[in-house]
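Written out below as structure tokens is the structure these notes cover.
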Amino acid sequence: MQARSESLRLAGKRIVFVPTMGYLHEGHLNLMREGRKIGDSLVVSIFVNPTQFGPGEDYEKYPRDFKRDEELASQVGADIVFYPTVDEMYPANYQTYVTVEGVTLNLCGQSRPIHFRGVATVCAKLFNIVKPHAAVFGKKDFQQLVTIRRMVADLNMDLEIHGMDTTREPDGLAMSSRNVYLKDGEREAALSLSRGLKIAQGLYDSGEREAAVIIEAVKNHISSYDTNIIDYVKICDTETLEDIDQIERESVIALAVKVGLPRLIDNYVFGEPLAIP
Ligand code: PAF
């Protein structure tokens with residue numbers, strides 16, 4: 001992969017990279033379509049990264065379908081699909097990890113303490129292997145995007161990071177590979193995440209700026225479904241990801257909820273449009 005990238009660079013090509021863990025859905029494909037627009041050579045990686053899953057999480061069960069993924073990626077114009085093995089990425093005696101501090105502490109960092117170390121490490125490695133000029137990430141994983149931007153700035157990595165809006169199902173559910181875990185009858189409960197964001201938007205648009213008031217309304221809606229166990233509903237500064245009491249600068253409402261089996265996340269940056277019916 002490094003040799004391929006080096007020759008693309010020597011030929012003057014702009015390499016755009018979309019890292020994924022596979023089981024591609026329309027959200028991933030939109031990242032790739034964006035990638036196609038902003039570069040000459042589109043590289044997509046498919047690697048279910050063990051270091052970002054904690055003990056008891058769904059690493060083994062994470063859905064995988066490489067053949068289908070490869071086909072879908074080629075259909076939207078991927079030039080190279082890079083799919084390393086775990087032994088290639090983490091050979092025996094592997095010892096180096098990237099830890100991004102402040103922005104990984106809140107939100108998902110509280111219930112998934114090693115997650116962002118795994119994400120930052122694998123992305124640093126993939127950036128060194130693929131040598132992209134730009135990489136595209138989805139805003140659905142808002143904390144991941146902030147973490148990657150922080151790492152790239154702090155470690156002087158020579159690439160641009162593009163953030164893309166969340167792709168949603170027509171009913172508003174944010175697309176996620178983990179949606180396949182939802183059982184019949186859990187759809188309405190899962191929709192409480194996006195509908196909760198809609199409630200937050202409505203309150204904000206009508207002038208509410210008190211974070212606790214908005215959080216309470218969203219929590220009430222989500223917890224009205226028996227299957228739902230709220231991990232967090234928080235309002236944070238979009239740059240530091242620290243909790244805020246009053247919405248005065250650019251802020252995001254982020255939520256994580258266990259809906260039956262899957263733990264789903266979603267978020268909304270106040271003041272932005274929201275494609276939820
Ligand atoms: O968002 C994902 O699918 C993963 O966290 C990523 C960025 C591919 C790193 O494994």
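The shown structure was predicted, so the numbers you read here are calculated from the model rather than taken from an experiment. For ligands, and for the atoms within them, numbers begin at 1 and follow the listed sequence.
In Ile148, neither the side chain nor the backbone holds a heavy atom less than 4.0 Å from any atom of ligand 1.
For the atom pair Asp69 CG and Tyr23 OH, the distance stands at 9.0 Å (nearest 0.5 Å).
Of the possible polar contacts, one joining the Asn228 side chain to the Ile222 backbone as a donor-acceptor pair under 3.5 Å is found. Not a single donor-acceptor pair under 3.5 Å links the side chain of Asn128 to the backbone N or O of Cys123.
Any N or O atom pair closer than 3.5 Å counts here, and Thr20 shares no such pair with ligand 1.
Those atoms of ligand 1 with a heavy atom of Gln52 less than 4.0 angstrom away are 4 (C), 5 (O), 9 (C), 10 (O). If you number the atoms of ligand 1 from 1 as listed, the ones under 4.0 Å from a heavy atom of Val122 come out as 9 (C), 10 (O). For ligand 1, the atoms closer than 4.0 angstrom to any heavy atom of Met21 are 3 (O), 4 (C), 8 (C), 10 (O).
Counting only non-hydrogen atoms, the option in Lys140, His115, His28, Gln144 that gets closest to atom 5 (O) of ligand 1 is Gln144.
No cation-pi contact links Arg168 to Tyr268, judged by a cut-off of 6.0 Å to the six-membered ring centre and 45° from its axis.
Arg149 pairs in a side-chain contact (heavy atoms from CB on, under 4.5 Å) with only one of the listed residues (Val146, Val152, Leu145), which is Leu145.
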